[in-house]
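A short worksheet on the structure shown next.
Note that the numbering runs from 1 along the sequence shown for the chain.
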Amino acid sequence: MSTTQAPLRWYGSGYPSVDPAGIHQVLAQVEQPCFIVATAQGVGAAAGGTAAAGGEGPGVLAAAPALPPHRLGSAGFRAAHGVRQSYMAGAMAGGIASADLVIALARQGFLASFGAAGLLPQTIEKALARFAAEIPGLPYAVNLIHSPSEERLEREAVELFLRHGVRCVEASAFLGLTPHLVRYRLAGLRRDPAGRIVADHKVIAKVSRSETAERFMRPAPTAMVDALLRDGLITQEQARLAHHLPLADDITVEADSGGHTDRRPLPALFPVILRLRDQIQHEHRYATPIRVGAAGGLGTPTAVAAAFTMGAAYVVTGSVNQSCLESGTSPAARRLLAQADVTDCVMAPAADMFEMGVELQVLRRGSMFAMRAQQLHRLYQAYDGIEALPVEDRERLESQVFKRPLEEVWQECVEYFGRRDPDQLSRAAGNPKRRMALVFRWYLGMASRWAVTGQADRTADYQIWCGPAMGSFNAWVSGSYLKTPENRTVADVAHHLMRGAAFHTRIAQLATAGVTVPASAADYRPVPLELPALLEAAG
């Protein structure tokens, strides 16, 4: 360890550690200040104590202040959402971000978003009833995903949220604003006794493009506000207040993530959105500036620390939580996720926006889903309906992909959409290409379901949403107790990512003072922590 001598002395309770293991232990005590000192045995590190000019004792070469994990990120985010740490587990559709996951993190002081996208209203309602019964008063969010091909589901989801008093929605995959999302936001506006505007319905918008971010950063569009008022869905007071605050309280900058993603690098995208926020804040002078968080690629403490260093108010994880015990996917899918490398991800057509050509990022290892889904989209683009498919292509689909006659698949689509969204069938009537799209979407939808249920005879078709953060996480925890999926819990993962981020932030602080920490002492490794210690560390 090298640095430059400073004219200060260290006063503490223990003698400085000079060996790498002892130095690591000192650095890991993030709740205590760390001093790099010169001793007769060499340069070492000490936790706690104070530094002052003159006197006897080891000379202080550099120092890093105490940095408990709950000091990372924005105090405003923690206060607004009632959480202990600036950390959020983002939604994973189809209930993969399960009620169990949300409850487990809420009890530990973290925010999590329930993966309501793709679920029927009655399934969402059961989760909301659990939250009311099991974590009353604790924070949670529910995902609202943009559903351009199933508008009814978006509307029914918002009606559920309003009926059950959901206080926070994570809006994702929105290409533009919709009346349903705007209604949710505005229906929670009021003034407190002091005359301040209060937004009881918080919106966390997940974006990957600056034009989308700007829509959420500005007040709700006047035309939508007026239409909601005419329809009696908001009050005149709420319509007036709508022009004084942004549509979203928080903007999550989503980089190279699992599921819907533009795969943009976080260091390139985040500063652009942050600068846009500052420009719009200067223009509108909001009483509470919009907070900007970071997501995508955050699978290690160093990545989380880097996000906070860039100015993230909070961080959001996704793929890594899917490999945890509380996730709503199958043990078989968790095992595949735990084996993933950084390069084991690929883009494939998305079921919910299949006709638009929108893609999402999935796990390639152990699955042929991406290749088969891409084949279906090529056929969709090339032909006007199932009947127009060449005989050899149709036979290959029925034997290798669908493993049943396509007419049987269509009948299943009729039964499914007859219950879920009859408008889909109306739009397909007399439209062979639309009918083909629904049949092909059957495979894409079922592929994610097979992964969730762990259907053994469909392993090769598993659709597992995953980003490169999963491979990064696996490399980091290799050799630790978290290598095994059965040992992974969402609270443990959150704790170690945040505590490790504090650890690496202090190493960076020391580096700016000229301190070179030995490589063996500069790597935060997860070790099991008992529940009382976990709660204390959470702040």
From CG (Leu247) to CD (Glu214), nearest 0.5 Å:
13.0 Å
Once the angle between the rings of Phe369 and Tyr443 is folded into 0 to 90°, is it parallel (under 30°), tilted (30 to 60°) or perpendicular (over 60°)?
parallel
Are the side chains of Leu144 and Leu181 in touch, meaning some heavy atoms are under 4.5 Å apart?
yes
Shortest non-hydrogen contact from Val225 to Ala242?
CG2-CB, 4.1 Å
Contacts of Glu486 meeting side chain to side chain donor-acceptor pair (under 3.5 Å) (sequence neighbours excluded), chain-then-number -> none
Taking only residues at least two apart or on different chains, which pairs with a member in residues 293-302 satisfy side chain to side chain donor-acceptor pair (under 3.5 Å)?
Thr300-Thr302
If I take atom CG from residue Asp226 and atom OG1 from residue Thr222, how far apart are they, to the nearest 0.5 angstrom?
6.5 Å
Is it true that Arg364 and Asp341 make a salt bridge, defined as a side-chain N closer than 4.0 Å to a carboxylate O?
no
Can you check whether Val166's main-chain N or O pairs, donor with acceptor, with Tyr140's side chain at less than 3.5 Å?
no
Glu159 with Arg152: basic N within carboxylate O range, under 4.0 Å
no
Closest contact, heavy atoms only, Ala116 versus Asn143
CB-O, 3.5 Å
Quick check on side chain to side chain contact (heavy atoms under 4.5 Å, CB included): which of Arg209, Glu254, Glu359 does Asp262 satisfy it with?
Arg209
A side-chain contact here means heavy atoms from C-beta on lying under 4.5 Å apart; do Leu497 and Leu298 qualify?
no
For the residue pair Gln281 and Ile290, establish whether any side-chain heavy-atom pair is separated by less than 4.5 Å.
no
Kindly give the heavy-atom pair with the smallest separation between Arg334 and Cys324, and that separation in Å.
NE-O, 3.0 Å
Using a 4.5 Å cut-off on heavy atoms from C-beta on, say whether the side chain of Ser367 contacts that of Leu336.
no
Knowing that exactly one of His243, Gln238, Glu237, His244 qualifies, which makes a side-chain hydrogen bond (donor to acceptor under 3.5 Å, both in side chains) with Arg240?
Glu237
For Gln339 and Asp344, what are the C-alpha separation, side-chain angles and deciding distance, and is it a side chain to side chain donor-acceptor pair (under 3.5 Å)?
CA-CA 9 Å; Gln339 298 167 14; Asp344 285 335; over 6 Å; no
Just grab all the side chain to side chain donor-acceptor pair (under 3.5 Å) pairs involving residues 113-126, residues at least two apart or on different chains.
Ser113-Glu170, Glu125-His164
side-chain contact (heavy atoms from CB on, under 4.5 Å), that's the test. Do Asp250 and His81 meet it? Break it down for me.
CA-CA 11 Å; Asp250 302 277; His81 296 284; 2.9 Å; yes
Matching residue for Met88 among Ile204, Val83, Val315, Leu105 - test: side chain to side chain contact (heavy atoms under 4.5 Å, CB included):
Ile204
Could you check if a side-chain atom of Gln85 sits within less than 4.5 angstrom of a side-chain atom of Leu72, using non-hydrogen atoms only?
no
Please indicate whether Arg191 has more than 12 foreign heavy atoms, meaning atoms of other residues, nucleotides or ligands, lying under 6.0 Å from its CZ.
yes
Between Ala333 and Ala451, what is the shortest heavy-atom contact and its length?
CB-O, 3.8 Å
Answer yes if the side chains of Ser323 and Arg488 hold a donor-acceptor pair under 3.5 Å, and no otherwise.
yes
Roughly how far, to the nearest 0.5 Å, is CE of Met470 from OG of Ser257?
14.0 Å
Does CZ in Arg218 sit with more than 12 non-hydrogen atoms of other residues, nucleotides or ligands closer than 6.0 Å?
yes
Please round to the nearest 0.5 Å and tell me the distance separating atom CG of Leu266 and atom OG of Ser208.
11.5 Å
Thr309 (side chain) donor-acceptor with Ala305 (main chain) under 3.5 angstrom:
yes
Would you say that Asp249 contacts Arg185 through its side chain, given a criterion of any heavy-atom pair below 4.5 Å between the two side chains?
yes
For residues Ser98 and Gly328, report the shortest heavy-atom separation together with the two atoms involved.
CB-N, 3.9 Å
Qualifying residues under ring-ring contact (aromatic ring centres under 6.0 Å, His included), relative to Trp476, sequence neighbours excluded:
Phe473
Inter- and intrachain pairs under ring pair (Phe, Tyr, Trp, His ring centres under 6.0 Å), touching residues 203-241, at least two apart
none
Any luck finding a side-chain donor-acceptor pair between Gln455 and Asp461 under 3.5 Å?
no
How far apart are the closest heavy atoms of Ala456 and Tyr462, and which atoms are they?
N-OH, 4.2 Å
Sorted by first residue and then second, give each ring pair (Phe, Tyr, Trp, His ring centres under 6.0 Å) pair with at least one member in residues 175-201; sequence neighbours left out.
Tyr184-His201
For residues Ser480 and Val527, determine if any side-chain heavy atom of one lies less than 4.5 Å from a side-chain heavy atom of the other.
no
Any chance you could measure Arg441, atom CZ, to Gln424, atom CD, to the nearest 0.5 Å?
5.0 Å
Distance in Å, Asn321 CG paired with Thr489 OG1, rounded so as to fall on 0.5 Å steps
10.0 Å
Short side-chain to backbone donor-acceptor contact, Ser327 and Gln322, under 3.5 Å:
yes
Should the pair Tyr481 and His496 be assigned to parallel (<30°), tilted (30 to 60°) or perpendicular (>60°) ring geometry?
perpendicular
Could you check whether any side-chain heavy atom of Leu186 comes within less than 4.5 Å of a side-chain heavy atom of Met224, counting everything from C-beta outward?
no
Test side chain to side chain contact (heavy atoms under 4.5 Å, CB included), reference Gln279, set Arg277, Glu283, Arg275, His282, output is Arg275
